[in-house]
Every structure is written in structure tokens, then in C-alpha cells.
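Notes follow once the structure below has been shown.
Lettering follows sequence order; numbering is per chain, from 1.
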Protein chains: 2
Amino acid sequence: MTAKRASPPAPAGREKILDAAEALFAERGFFGVTMRQISERAGVDVALPNYYFGSKQGLFDGVFLRRAEILNARRSEALERALATTADGRPELAGIIDAFLRPIRDAQSSADVGWRNYCRLVALVNSSPVWARMMTSHFDALVSKFVSALRLALPDVEMKDLYWAYHFLSGSLTLTMADTGRIDALSGGLCHSENARDAYAHMKEFYTAAFVGLAKSSARSATKKASRRTKA
Amino acid sequence: MTAKRASPPAPAGREKILDAAEALFAERGFFGVTMRQISERAGVDVALPNYYFGSKQGLFDGVFLRRAEILNARRSEALERALATTADGRPELAGIIDAFLRPIRDAQSSADVGWRNYCRLVALVNSSPVWARMMTSHFDALVSKFVSALRLALPDVEMKDLYWAYHFLSGSLTLTMADTGRIDALSGGLCHSENARDAYAHMKEFYTAAFVGLAKSSARSATKKASRRTKA
DNA sequence: GTCTATACCGTGATAGAC
DNA sequence: GTCTATCACGGTATAGAC
């Protein structure tokens, strides 16, 4: 008796279409790719993507969703672990940032080219007014949990400052995921965008320090306010 | 004789096409827009864009170039001014970052909707593997000067770290320029992406502190190295 | 249920006549 | 500068093969 796979023995065609579409959408965006290019790359008939996904838009959604769920699960799990590790009753800042970044780093440095393509697609989606709502609807629930976790680690920072800081982190992450190679040329070879490990190590360190700085400047302005109160 | 207006003379055919194309490309990208949509929006014949710009690609280049030159001049000038203001023989960090960001902030909060559209277009271009080379060829000369200026302000930070930090700043800036509104929803209304002043004020403060943090951690590792040397 | 062949018909960029 | 024709290519529907 043949061992049954846990996950549905999906027909080869469907996955091949998703993979081909993922690679092409990541490279040229939704409008820059035709159904014919996708089916040709997947080695299937032009009509097959429509058979499975109903429309080009449906295929795009399918591509985006497939790995969004996996990624969300991994990041959510990593966040839980980070929150479980507390020092003096608070979760550790660096651990939270690591939980936020590491699953993406792993995706981007994965041997599976599909994951690397997916990262570039997410970057494209997140930068476009047309598609950014897909980010909101698939990722923002988890992002809110991250921001709440940051708040636990940095209770003196105001939520507004924390959200802006998250926005900056999100931008840095997005550009890193886009992997356009611009930094390679700019830095004259000092930085290699294909070396995701290095990029994410720098990002983690940079942002951990920057969030700490946020706490310090909050402390400063709180002191100022307090001393004003004392004077009055 | 009719008095000549100082402020924008009603754009003639060529400019109207650039304006229309700019708005549409910013919204939907190169492939998401048709020449018919552009000419309809500009109120000109379908053939006119081709007459002026040779091709759709030529039009795209024209849109990108028109304001790139103006922006480069403004930022270059701002950087010169920042470099002229030195404290103890070094340019001031915050001044350099301000010079880098302010012209873009002004563009994004301009009354001229064309500038606002242009910012979104640049964000799209910078996030796409297909177009990012346009960033390199039009902006990287100036960016190199900025990184050199940062190095003057922070002589102890290694160039590689400085380039990575620039990369992160560039990502934050890009996402801010993209102005997708995602942060508005996420923050539950605490942050308003259409309030460019606020966004850039936070960005300037955040990155100034983060770059200072970079210098401190360099100092730390230098000390460590030095103490290792001493031990040996 | 999975997949192919083909047809449909609107729209694309652009060239050439005016 | 403008109008119009061209013709390849776009997404997708359908018929039917395995």
C-alpha cells in the first residue's frame, strides 16, 4: 500500500501554474505578464490557469495566498516563542525583531526558488497602491500582534511612534525583499543583496538599536514633561 | 495685451501628456496603463504621445526624467549647504539626513499633484527589478555623495555598515513615498500617510538616532578589538 | 476531474495618410 | 499635429479528449 501524503496530492498542473505565475509576477508585476506567458512557462495549455483559478486575478490571488498562510504560521509561532522568553517580566526586544524577520530571511535565502520569487512579489505588492490592500488583509492581523509585542518590550514609547517605527522597518524589509540589486552597485560590491543572511543580520542589529533609541528619546521627553510639571 | 501668468501656464500638449502619464503610471505602473488611457486623460489624440516620445517606453522615460533632474538639483544644493555647516570640523549628521529627505518631503506635500504622483512613481520604480536600474542611473551619483557625507559625520562607522544603513533608510523612504495608506489602517488612525510633514519628521528623528547608534556600536566593537589587541 | 485545441472578440501600440 | 487603419496580442469561453 502506498503511503498517503498528509497534504492533498494536488495535481501537478495546478502547482506548476502557481510556480510559473509566481516567478513571472514577481519579475514584472500583474499587468506585465500574460496568461500565455504563464501557461507556456508552466508547460500547460493556455486555458488551464483559467480552469483552476477562474481568471488572471484569481490566479494572482492564489499565488499570493499560497505562501502567505505558511509565512504567517511561521512568524506567528516565532512571535509566540519570543514572547515566552522574558527578562524581568518583559519580552526581549531583539527576540521580537528576530521573530519578525527570521522567517522572511529564511524564505529569501531558501534553496527553493519559489520562496525567493515570493519575497520579491510581496515587495512589489506592498509598494503598489493597487495591490497594497492584499498586504493589509493577509498580514496586518499578525503585524498588530508584533506591534503589541514591541510595546510590551518598550512600554514607555508611545503607540504612534511605535507605528511609525514599524512603518520604517516595513519599508526596509520591503526593499530588502525586492532584491533589485541596487545596493550592490551603489556600495561598489561591499554589500551583496543576494546574501540575505548578511542583509538580515544588519537589519536586525540596526533596528534593535533604533528601537532602543526610541525608548531613550521617550524617556528624555517624559523627563522634560515631568520637570515642567514640577516647575508648575 | 494679456498679462502673462507667473504661475503655471496652462500646459501645452507635451506637458499635458507628461502629467497624464505620470498620474497613471504612478497608480498602475508601466504595464497597467495604455496609451489610449493616457491620451484620453490628456485630452489629446492617441497618436500624439508617440509623436512626442517615440514609444510608450520613451514616454515613461520622459516622465521619470522630467522631475528627476529638478529633484537632484534641489537635493544636491541642500547637501552642499549641510556640508558647509560644520561643528568641530565635521558636518552635522542631522543636517545631512535633513538634506536627503527634505526635498522629497516638500515634493510629497506639495500643492502640485504632479509632484505627489511623481513620488509614488519613484517608489514603484525603486521596488521593481525591471525598473530599478533607472534609479541607479539617475540618482546613485547623488546618493554616493550622501553616503560620503554621512561618513564625514560618522568617521568611525565602517563603509559597509553605512551602506546597509543607507539601504534601510532608502527602503523606509520608498515606502513612505509609495503612500499606499497601509499604515493608516494598521495604526487605527494614529498615523496619517497623507500627512507627509509628520511622516518625515518622524523619519528624520528616527534615522538620526539610528545612525548615532551605529557610531556607538562601532565604538564598542573598536574597543573590544583594542582590548583584544592589548591582551595579546 | 484534468487537461488540450481552438475560437472569439476587444484592445494594444504604432505607422502612414492627411 | 490629427485621423484612421493595421494587425498582433490580450483574456477568456467552449467543446471535447483522456
Exercise. Between A/A47 and A/T34, name the one whose nearest nucleotide on DNA chain D is closer to the 5' end.
Key: A/T34
Quiz item: Out of B/R67, B/R66, B/Q108, which residue meets the side chain to side chain contact (heavy atoms under 4.5 Å, CB included) rule with B/Y118?
Solution: B/R67
Quiz item: Within the pair A/Y51 and C/dT2, is there a side-chain N or O less than 4.0 Å away from OP1 or OP2?
Solution: yes
Quiz item: Is B/Y52 touching bases, backbone alone, or none of the nucleic acid, heavy atoms closer than 4.0 Å?
Solution: sugar-phosphate
Quiz item: Between A/L48 and A/R36, which has a closest nucleotide on DNA chain C that is more 5'?
Solution: A/L48
Practice problem: Could you pick out which residue, B/D45 or A/F30, lies toward the 5' side of DNA chain D when each is mapped onto its nearest nucleotide? | Solution: B/D45
Quiz prompt | Spacing between A/F53 atom CZ and D/dA13 atom C1', to the nearest angstrom | solution = 18 Å
Exercise. Output yes when a side-chain donor or acceptor of B/S128 lies under 3.5 Å from a complementary backbone atom of B/L124, and no otherwise.
Key: no
Exercise. Side chain of B/N50 only, please: which of D/dT12, C/dC3, C/dT14 is the nearest?
Key: C/dT14
Quiz item: Taking B/N72 for the side chain and B/H138 for the main chain, is one N or O donor matched with an acceptor at less than 3.5 Å?
Solution: yes
Practice problem: Could you state the atom-to-atom distance from CZ of A/F60 to P of D/dT12 in whole Å? | Solution: 14 Å
Exercise. Grab the CD-P distance between A/E40 and D/dG10 for me, whole Å please.
Key: 11 Å
Quiz item: Is A/T208 reaching over with its side chain to a backbone N or O of A/K204, donor-acceptor style, under 3.5 angstrom?
Solution: yes
Quiz prompt | Nearest-Å distance for atom pair CZ/C1', residues B/F31 and D/dG11 | solution = 17 Å
Quiz prompt | Integer-rounded Å distance: C/dT14 P and B/I38 CD1 | solution = 11 Å
Quiz item: Does any N or O in the side chain of B/Y163 come within less than 3.5 Å of the main-chain N or O of A/G188, such that one atom is a donor and the other an acceptor?
Solution: no
Quiz item: CG of B/L59 versus C1' of C/dT14: gap in Å, rounded?
Solution: 14 Å
Quiz item: C/dA13, C/dT4, D/dG1: which one has an atom nearest the side-chain heavy atoms of A/V44?
Solution: C/dT4
Quiz item: Side chain of B/M35: nearest nucleotide among D/dT2, C/dC8, C/dT14?
Solution: C/dT14
